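The structure under discussion appears below in the form of structure tokens.
The chain is numbered in sequence order, starting from 1. This structure is a prediction, so every number in the text was calculated from the model and none was measured.
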Amino acid sequence: MRAIPTLLSAVALSGMLLLQSCGPKYEFNLDEHLGICGIVHAEAAKEAGLDYIEANVSGFLMPEKSDEEFASNKALASTITPPIYSANGFFPGDIKIVGPEADIDRAVKYSETALRRASEIGIKILVLGSSGSRSIPEGFNREDAEKQFVDFLKRIAPAAEKHKVILAIEPLQTSETNFINTVPEGARIARETGSEYIRVIADLFHMARMQEPPEDIVSSADKLVHCHIAECEERTPPGVKGDDFTPYFKALKSIKYEGRISFECSWQDIGAQLPKAVAVMKEQIQSIK
């Protein structure tokens with residue numbers, strides 16, 4: 001089995017063991033809360049026994065379309081099994097939220113509609129990756145960009161709170177964006193908003209690409225709400241290249257993580273690969289229970 005290129009330090013691991021020994025017994029049931037990105041994979045997800053579907057914000061919630069145009073997707077959502085729990089793919093690339101071309105009013109209106117519609121169909125988490133929207137243009141001041149981003153999040157936080165839908169920042173590798181590349185960076189920005197409905201996700205694919213250690217999950221525990229997973233080299237599903245995710249699973253267990261984890265992978269033959277990915281995931285998670 002190929003190891004993820006990050007390992008827990010002895011100090012961090014001893015701290016985790018101490019945390020696990022304190023307080024009431026914690027059941028680490030991440031293997032019971034697995035989902036997949038893409039409504040098109042709903043049938044395969046159902047056959048594989050997955051818990052939920054992760055949809056697409058811009059494509060499914062259609063935030064810049066009318067409620068009448070959204071009505072068919074809203075009706076469809078009630079028929080999909082497993083149910084839609086989360087959604088990613090937040091902004092289209094032409095909506096900028098940092099830099100001189102930022103259109104914050106448009107972004108806020110778009111986001112408020114997305115949050116309302118998510119609530120209407122039972123979605124609990126919207127993932128904000130959107131590298132094209134948040135990348136800092138060359139020559140633009142980084143501090144100014146971060147202020148724009150935080151101010152934007154503060155403006156939409158009341159809508160997130162009203163509709164009880166969490167907006168989760170997704171750190172992405174540097175080949176995709178030059179802004180918010182690690183989980184602690186995302187968690188710090190989420191804290192600056194002062195809202196419990198602005199959180200962060202840990203995408204284990206991006207973490208591995210960034211050589212980001214599992215300790216970053218531990219330090220961001222107060223803001224971590226969701227996870228994505230794929231193998232590091234070619235974004236393949238677990239079980240193709242043999243990546244070992246257990247260091248990250250140990251970190252999640254140490255913080256008593258109760259969220260979910262979505263397969264966000266490049267599928268070649270989902271009918272064959274998804275059952276294997278589920279089996280590999282469950283085996284690795286159960287190995288540390």
Return yes if a side-chain donor-acceptor contact under 3.5 Å exists between [X] and [Y], otherwise no.
X: Asp222; Y: Ser220; value: no
X: His228; Y: Glu170; value: yes
X: Ser266; Y: Glu234; value: no
X: Glu176; Y: Ser131; value: no
X: Glu54; Y: Ser86; value: yes
X: Ser262; Y: Glu264; value: no

Can you see which heavy atom on [X] is nearest to which on [Y], and at what distance?
X: Ser111; Y: Phe90; answer: OG-CE2, 3.4 Å
X: Arg142; Y: Asn178; answer: NH2-O, 2.6 Å
X: Leu115; Y: Ala160; answer: CD1-N, 3.7 Å
X: Ser133; Y: Ile95; answer: OG-O, 2.6 Å
X: Pro100; Y: Phe140; answer: CD-CD1, 3.4 Å
X: Ile261; Y: Phe249; answer: CD1-CE2, 4.2 Å

Using 0.5 Å steps for rounding, measure from the [atom1] atom of [X] to the [atom2] atom of [Y].
X: Ile80; Y: Glu43; atom1: CD1; atom2: CD; value: 11.5 Å
X: Leu172; Y: Arg134; atom1: CG; atom2: CZ; value: 4.0 Å
X: Lys223; Y: Ile166; atom1: NZ; atom2: CD1; value: 9.0 Å
X: Leu126; Y: Leu61; atom1: CG; atom2: CG; value: 6.5 Å
X: Ile217; Y: Lys250; atom1: CD1; atom2: NZ; value: 13.0 Å
X: Ile97; Y: Ser130; atom1: CD1; atom2: OG; value: 6.5 Å

Could you check whether atom [atom1] of [X] has more than 12 heavy atoms from other residues, nucleotides or ligands sitting under 6.0 Å from it?
X: Glu69; atom1: CD; value: yes
X: Lys46; atom1: NZ; value: no
X: Glu64; atom1: CD; value: yes

*According to the interplanar angle, ranging from 0 to 90°, do the rings of Phe149 and Phe152 count as parallel (below 30°), tilted (30 to 60°) or perpendicular (above 60°)?*
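Judged by the thresholds at 30° and 60°, the geometry between Phe149 and Phe152 is tilted.
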
*On the 0 to 90° scale, with breaks at 30° and 60°, tag the Phe263-Trp267 ring pair as parallel, tilted or perpendicular.*
perpendicular

*Please check if the side chain of Gln173 supplies one atom and the backbone of Asn181 the other of a donor-acceptor pair under 3.5 Å.*
no

State, yes or no, whether a side-chain contact exists between [X] and [Y] at a heavy-atom distance under 4.5 Å.
X: Val165; Y: Lys124; result: no
X: Leu167; Y: Ile156; result: yes
X: Ile229; Y: Met281; result: yes
X: Asn88; Y: Leu128; result: no
X: Asp94; Y: Arg106; result: yes

*Evaluate side chain to side chain contact (heavy atoms under 4.5 Å, CB included) for Ile136 paired with Asp144, printing each intermediate quantity in order.*
CA-CA 10 Å; Ile136 303 172; Asp144 290 343; over 6 Å; no

*Are Leu34 and Leu204 co-members of a hydrophobic cluster defined by side-chain heavy atoms under 4.5 Å apart?*
yes

*asked:* Between Ile36 and Ile285, is there shared hydrophobic-cluster membership here, with clusters defined by ILVMFWY side-chain heavy atoms closer than 4.5 Å?
replied: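 As far as the 4.5 Å side-chain criterion goes, Ile285 and Ile36 are connected within one cluster.
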
*Could you check Ser254 against Val218 for side chain to side chain contact (heavy atoms under 4.5 Å, CB included), going step by step and ending with a plain yes or no?*
CA-CA 7 Å; Ser254 78; Val218 179; 3.7 Å; yes

Is the closest basic N to carboxylate O distance between [X] and [Y] below 4.0 Å?
X: Arg117; Y: Asp67; result: yes
X: Glu32; Y: Lys282; result: no
X: Glu112; Y: Arg155; result: no

*Can you list the steps and then say if Cys227 with Leu252 is a side chain to side chain contact (heavy atoms under 4.5 Å, CB included)?*
CA-CA 10 Å; Cys227 292; Leu252 290 169; 4.0 Å; yes

*asked:* When you measure from the centre of the six-membered ring of Tyr85, is the NZ or CZ of Arg260 closer than 6.0 Å and no more than 45° off the axis?
replied: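 Yes, a cation-pi geometry.
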
